[in-house]
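Here is the naming used below: chain letters follow the sequence lines, and residue numbers restart at 1 for every chain.
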Number of protein chains: 2
Amino acid sequence: MTTDLTRLVETTRPRFRTATEFVEATLRAAILDGVLAAGAPLRQEELAAAFGVSRMPVREALRQLEATALVEFHPHRGAVVAEISAEDAADISAIRAAIEPQALRLSLPHLEKADFDRAAELIAEMDAEKDFGRMGELNRRLHMTLYARAGRPRLLTLVEQHLAAADRYLRFQFTALGYHPQSQDEHYALLGACRAGELEQACQLLTEHVLYAETRLTAFLRERETTAQD
Amino acid sequence: MTTDLTRLVETTRPRFRTATEFVEATLRAAILDGVLAAGAPLRQEELAAAFGVSRMPVREALRQLEATALVEFHPHRGAVVAEISAEDAADISAIRAAIEPQALRLSLPHLEKADFDRAAELIAEMDAEKDFGRMGELNRRLHMTLYARAGRPRLLTLVEQHLAAADRYLRFQFTALGYHPQSQDEHYALLGACRAGELEQACQLLTEHVLYAETRLTAFLRERETTAQD
DNA sequence: CCTTGTTAGATTGGATCCAATATCCGCGCA
DNA sequence: TGCGCGGATATTGGATCCAATCTAACAAGG
């Protein structure tokens with residue numbers, strides 16, 4: 001683990017103004033990308049060494065990640081990467097199903113042709129992409145492109161966080177089952193409705209898109225959880 | 001400010017296992033209750049003295065509050081209590097309007113008579129309550145009572161956070177204009193629909209309830225912002 | 001008189017050090 | 001042989017100390 005992190009460290013370090021910012025962003029990416037597995041203990045000393053800083057920025061970063069449920073603190077026992085479960089996946093999906101249509105509703109009236117074209121590009125890129133990590137990134141950017149003009153920073157931050165959280169789960173599913181192609185059909189349909197300015201239909205499609213993803217994902221996770229008990 | 005905090009400190013200290021938890025919870029309450037005004041600088045040394053701890057638990061607490069947008073960090077310049085604005089109020093309302101109906105949708109089928117009775121009690125208490133601080137607390141508990149059986153911890157945490165954030169704004173409005181009685185009518189109607197098991201109607205009423213509150217609030221805030229420029 | 005450079009003070013960011021608590025292993029005893 | 005107790009060790013929580021940087025005041029020059 002240490003070496004995996006060290007590589008990221010040198011490349012991204014100079015972009016941040018404080019060590020805490022740097023550690024926080026890098027740790028978040030590492031957790032979301034699956035570099036740090038669920039349940040893995042996050043020893044402060046170890047991380048500090050990997051990042052080339054002292055324990056303090058690590059502690060502050062961990063605190064911030066705790067607030068977004070990416071790590072769990074156990075007093076005097078340290079922090080661990082948040083576990084994943086079918087229950088939690090359903091939880092995240094319920095949130096996405098609530099806030100993403102809201103974001104789209106507020107954004108769609110202000111979207112312009114350039115935005116739709118950008119979205120179409122991203123979908124096309126996803127068709128060609130093989131790497132699951134890049135795939136998740138593209139998926140997030142596609143969704144965020146459609147919501148970007150909502151003009152509601154808090155809402156968009158929430159959406160981004162939960163897209164990323166969902167992505168953490170999807171990576172799991174993809175590596176086991178491969179990418180689910182139906183999802184791309186849904187993207188095309190969604191973009192079509194958006195381009196046509198069909199607000200209600202677009203929201204409907206989006207809700208179903210999130211719901212389908214949840215159904216596929218939780219089915220996979222539940223099976224995985226039951227077979228794991230053998 | 002120091003003295004206001006000191007009073008809270010003694011009464012709540014023993015309930016927490018770590019100083020950071022204690023500082024975080026107390027600071028959050030102080031900000032939401034308006035004890036610490038919007039824009040107020042949060043000097044680490046000052047807070048540390050008020051809480052009777054060193055600067056470190058204060059720093060960790062501030063980091064956690066930053067992640068929930070209650071405080072803003074400016075590198076090397078310190079933290080301030082998040083500002084309030086009509087824009088931000090609308091942002092929070094948009095989030096509430098999205099997630100609260102979702103929570104109700106998931107919870108309502110599992111609510112029992114005892115839950116409805118508890119909610120009715122809370123509404124009645126609100127009719128009698130004069131203090132705006134207690135009023136907000138009761139309002140939050142009422143809403144959460146209706147959502148409690150959703151069985152989605154993340155979603156409920158989000159709802160609770162944004163109810164609290166909205167409450168911070170409502171306190172502003174109430175102290176200037178007094179409590180808006182229409183809100184209570186909406187509560188009674190909502191509870192009625194819930195009791196009758198009318199899921200769709202209840203969600204509709206709830207959405208409108210949040211929306212009305214937003215309309216009243218932003219109108220008040222916008223007026224306040226324009227008159228403040230004289 | 002206004003602008004700009006410089007410097008002193010205040011305040012945060014980060015590192016190190018000490019104390020408190022949990023875990024783990026071995027020993028004694030039933 | 002199994003269970004409980006106690007100390008050693010590792011790790012976190014908290015305090016203190018030092019360095020980096022921002023703010024503000026003041027002086028010099030245009």
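- With respect to A:Arg55, the side chain to side chain donor-acceptor pair (under 3.5 Å) criterion is satisfied by exactly one of A:Glu46, A:Glu45, A:Gln44: A:Gln44.
- Near DNA chain C, meaning a heavy atom under 4.0 Å away, there are no residues from residues 64-73 of chain A.
- Rounding to whole angstrom units, CD of residue B:Glu45 and P of C:dG13 are separated by 13 Å.
- Minimum atom distance to the side chain of A:Thr18 is reached by C:dG13, of the listed C:dT16, C:dG13, D:dG13.
- For A:Met56 and C:dA15, the CE to P distance is 8 Å, given to the nearest whole Å.
- What separates CD of A:Glu60 from C1' of C:dT12 is a distance of 10 Å, to the nearest Å.
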Please tabulate, for the side chains in residues 158-165 of chain B, all donor-acceptor contacts under 3.5 angstrom to protein atoms that are two or more places apart in sequence or on a different chain.
residue: B:His162; atom: ND1; partner: B:Leu158; partner atom: O; Å: 2.8

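- Partners of B:Arg43 by salt bridge (Lys or Arg N to Asp or Glu O under 4.0 Å), not counting sequence neighbours: none found.
- Protein atom CG of A:Leu42 is 13 Å distant from nucleotide atom P of D:dT11, rounded to whole Å.
- Ring geometry for A:Phe22 versus A:Phe16: interplanar angle of 30 to 60°, hence tilted.
- For A:Arg59, counting side-chain heavy atoms from C-beta on, the closest listed nucleotide (D:dT12, C:dG14, D:dG13) is D:dG13.
- Remark: P of C:dT21 and CD of B:Glu21 are 14 Å apart, rounded to the nearest angstrom.
- In this structure B:Thr218 satisfies the side chain to side chain donor-acceptor pair (under 3.5 Å) test with no other residue, sequence neighbours excluded.
- Qualifying side chain to side chain donor-acceptor pair (under 3.5 Å) partners for B:Arg118, counting only residues two or more places apart in sequence or in other chains: B:Glu121.
- Atom pair B:Leu47:CG and D:dA15:P shows a separation of 14 Å (rounding to whole Å applied).
- Judged by distance alone, with hydrogens and angles left aside, the side-chain atoms of B:Tyr169 form a donor-acceptor pair with the main-chain N or O of B:Ser85 at under 3.5 Å.
- Judged by distance alone, with hydrogens and angles left aside, B:Arg55 brings a side-chain donor or acceptor within reach of the base of C:dG13, the pair sitting under 3.5 Å.
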Output a table of donor-acceptor pairs, distance under 3.5 Å, between side-chain atoms of residues 69-79 of chain A and any protein atom two or more places apart or on a different chain; print 'none' if there are none.
none

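- One end of the helix from C:dC1-D:dG30 to C:dA30-D:dT1 points its axis 10° away from the other end's axis, with each axis taken from 5 pairs and the angle rounded to 10°.
- Under the side chain to side chain donor-acceptor pair (under 3.5 Å) criterion, A:Asp33 pairs with no residue at all, not counting sequence neighbours.
- A:Arg96 pairs by the salt bridge (Lys or Arg N to Asp or Glu O under 4.0 Å) definition with A:Glu100, not counting sequence neighbours.
- With DNA chain C read from its 5' end, the first of the two nearest nucleotides for A:Pro57 and B:Ala79 is the one closest to B:Ala79.
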Write down the protein N/O and nucleotide N/O pairs, taken from nucleotides 9-11 of chain C, whose separation is under 3.5 Å; answer none if there are no such pairs.
none

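- Taking the side chain to side chain donor-acceptor pair (under 3.5 Å) definition, one finds that A:Arg105 meets it with A:Glu200, sequence neighbours left out.
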Check: residues 131-138 of chain B side-chain donor-acceptor pairs under 3.5 Å, at least two apart:
residue: B:Asp131; atom: OD2; partner: B:Arg134; partner atom: N; Å: 3.2

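- Rounded to an integer number of Å, the gap from A:Glu24 CD to C:dG13 P is 14 Å.
- One finds no side-chain N or O of A:Thr20 lying less than 4.0 angstrom from the OP1 or OP2 phosphate oxygen of C:dG13.
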